[in-house]
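What's counted below: heavy atoms across the whole structure, side chains too, no hydrogens, waters or symmetry copies. These numbers come from a predicted model, not from an experiment. Lettering of chains follows the sequences in order, A, B, ..., and the numbering in each one begins at 1.
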2 protein chains.
Amino acid sequence: MQISASFGKPAPVSGAKLPFHAGNETLALDRKDLAILAELTTNARASHTELAVKVGLSSTALARRQKALEDEGYIQAYQAALDLSQFGLTTTVLVRIALESQSDEALKAFEAEVVKCPSVIRCFLMSGTDDYILIVLARDIQDFERIHRTELSRLPRVARVQSSFALREIVNRAVPTVVFGQAKR
Amino acid sequence: MQISASFGKPAPVSGAKLPFHAGNETLALDRKDLAILAELTTNARASHTELAVKVGLSSTALARRQKALEDEGYIQAYQAALDLSQFGLTTTVLVRIALESQSDEALKAFEAEVVKCPSVIRCFLMSGTDDYILIVLARDIQDFERIHRTELSRLPRVARVQSSFALREIVNRAVPTVVFGQAKR
DNA sequence: TCTCCTTGGGCACACCGACGCGCATCTACC
DNA sequence: GGTAGATGCGCGTCGGTGTGCCCAAGGAGA
C-alpha cells in the first residue's frame, strides 16, 4: 500500500506514551526514531530496507516504527521539493504591513485576503508593532512591482507597506537541526 | 529502483528545451507537468499508476514525465514534512541582526557561524539597512531566551539584535500557488 | 500531396523488490 | 518466573517499475 499524503492525527490515545512532557524534556522518541526522521527528511522515498540498513534495524522493525511515526503525527506528509529558481522565482522579499486598525474585524478581513495572494508563501502576525510580515517570492524586482500593485496594494485595511529585498539566503532548512540533536530515551 | 533523494543537476543540454525564456514567459512545462508537480508536492510517495489517473495519463507516460522533471531539476528532492509542534517548537521568532561592520570579512565570519545555530531555520542578508534577518524556532519564550543567550549572542561581529515574536501564522506554503497557475504550452 | 521523421502516448508483459504477516527470541521490569 | 514490548528472520503475495513495441499527430521537405 502506498502511504497517503496526509495522515489522520488521532489525539494521542495511550496515556503511557505522551508525545513530550509539558516542560520541555522527555520526548517519546529514541535515537533510532530521530535517525529515521532525519533520513526521511532527506529522502522521503527510501524503502524500508534502505532505511533499515542506515538506521541499524531490520526492515520489519523499521516499518513498524515508521508507521508509528506517521500515525502519531510526527510525519505530516511526504512532499516533493521544487527548485523554484527553475521557475524564475529567484527574488525573496520581506514585506512588513501595518493595518489602519487592530480591530478584530480588520485583522480578519486582511487575513482572509492575504491567503489568496499567490506570490505569498509566508505570513505572520507579529507582536509588538502589531503588524504582519510576509515573505513573497518574485521573479525579479520588476515582477515584485507587479505583485505589489496587483496583490499587496489590494489587501484591505492596509496603512503602510514596507519592503526589503533579500540579497542572499544563508540558511534555508525545513527542520531546525536541534530536532535531531539529543534523543531522550 | 528507488529514487535517490537528490538528483544531479546536469546543465540543460538540449538547446531546444530551455527551462524558461529569459524574460518571464514560456515555461517549458505544460498543464500536465504542473499537475504532476502539484500532486507530488502534496504526496511525494504516490505511485506512477496513482499519479497517472489523477493527471490523466497512462502510467508509462507519467513515469517518463516524472523522470524528466527530476532530471531537469524541477524536482530537487522528496522529503518528509515533520510536525514541529509535536516537538514542542511552537514559537517562531524573527530576529534582525545588525553587524558592527559591513566589511566582507565581517559578513563571512558571521555567516560561517550562523549556519551552525541549530535553532535557526532561515537566514537572509537584507538590502537597505545591510543586516540579517533570521527565523528562529523555539519551544516558548523562555526557550528563546536560552537560544538568544547560547546561540545568537555568540555570533561574531554583532552590533544589535532585535527580536519580534510571531503571534500567529496565517500562511505557510512551500511553493507559491502562482507556480501551478497558468501553463505556457 | 505524399512521405519521412520526430515527439509523445498507450498497451502488454516480465521481473524484481517492497510489503506485511507469523513466529521465535531477547531484554527489561515487576 | 512471568509478562510485555521490541527485534529479527523467513516467507508468500502483491504491486510497482521498466522495457519493448506500436500507434497517432504534427512538421518539414521534396
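OP1 or OP2 of dG16(D) lies within a sub-4.0 Å distance of a side-chain N or O belonging to Thr49(B). Contact annotation: His48(A) does not reach the phosphate of dA18(C) (side-chain N/O to OP1 or OP2, under 4.0 Å). Distances shown here put every side-chain N or O of Ser58(A) at or beyond 4.0 Å from the OP1 or OP2 atom of dC9(D). For dG16(D), one of the phosphate oxygens OP1 or OP2 lies less than 4.0 angstrom from a side-chain nitrogen or oxygen of Ser47(B).
Rounding to whole angstrom units, CG of residue Leu62(A) and P of dG17(C) are separated by 18 Å. The interatomic distance linking Glu50(B) (CD) with dT17(D) (P) rounds to 10 Å, in whole Å. Distance Asp33(B) CG to dG8(C) C1': 12 Å, rounded to the nearest Å. If you measure from atom CG of Leu57(B) to atom P of dT7(C), you get 18 Å, rounded to the nearest angstrom. The separation between Glu70(B) atom CD and dT17(D) atom C1' is 13 Å, rounded to whole Å. Atom NZ of Lys67(B) and atom P of dG18(D) are 9 Å apart (whole Å). Atom pair Arg65(B):CZ and dG18(D):P shows a separation of 17 Å (rounding to whole Å applied). When rounded to the nearest whole Å, the span between CG of Asp71(B) and P of dG18(D) equals 11 Å.
Proximity of Val95(B) to Phe144(B): side-chain heavy atoms (C-beta onward) are separated by under 4.5 Å at one or more points.
Screening Leu94(B), Val93(B), Ile170(B) against Phe124(A) for a side chain to side chain contact (heavy atoms under 4.5 Å, CB included) leaves a single residue, Leu94(B). Arg157(B) pairs with exactly one of Gln102(B), Glu100(B), Glu105(B) by the side-chain hydrogen bond (donor to acceptor under 3.5 Å, both in side chains) rule, that one being Glu105(B).
A side-chain donor-acceptor contact under 3.5 Å links Arg173(A) to the backbone of Val120(B).
At a cut-off of 3.5 angstrom, the base of dC19(C) holds no donor-acceptor pair with the side chain of Thr60(A). No hydrogens or angles were tested; on distance alone, a donor-acceptor pair under 3.5 Å links the side chain of Arg64(B) to the base of dG9(C).
Expressed to the nearest 0.5 Å, how far CG of Asp71(A) lies from CD of Gln66(A) amounts to 10.5 Å.
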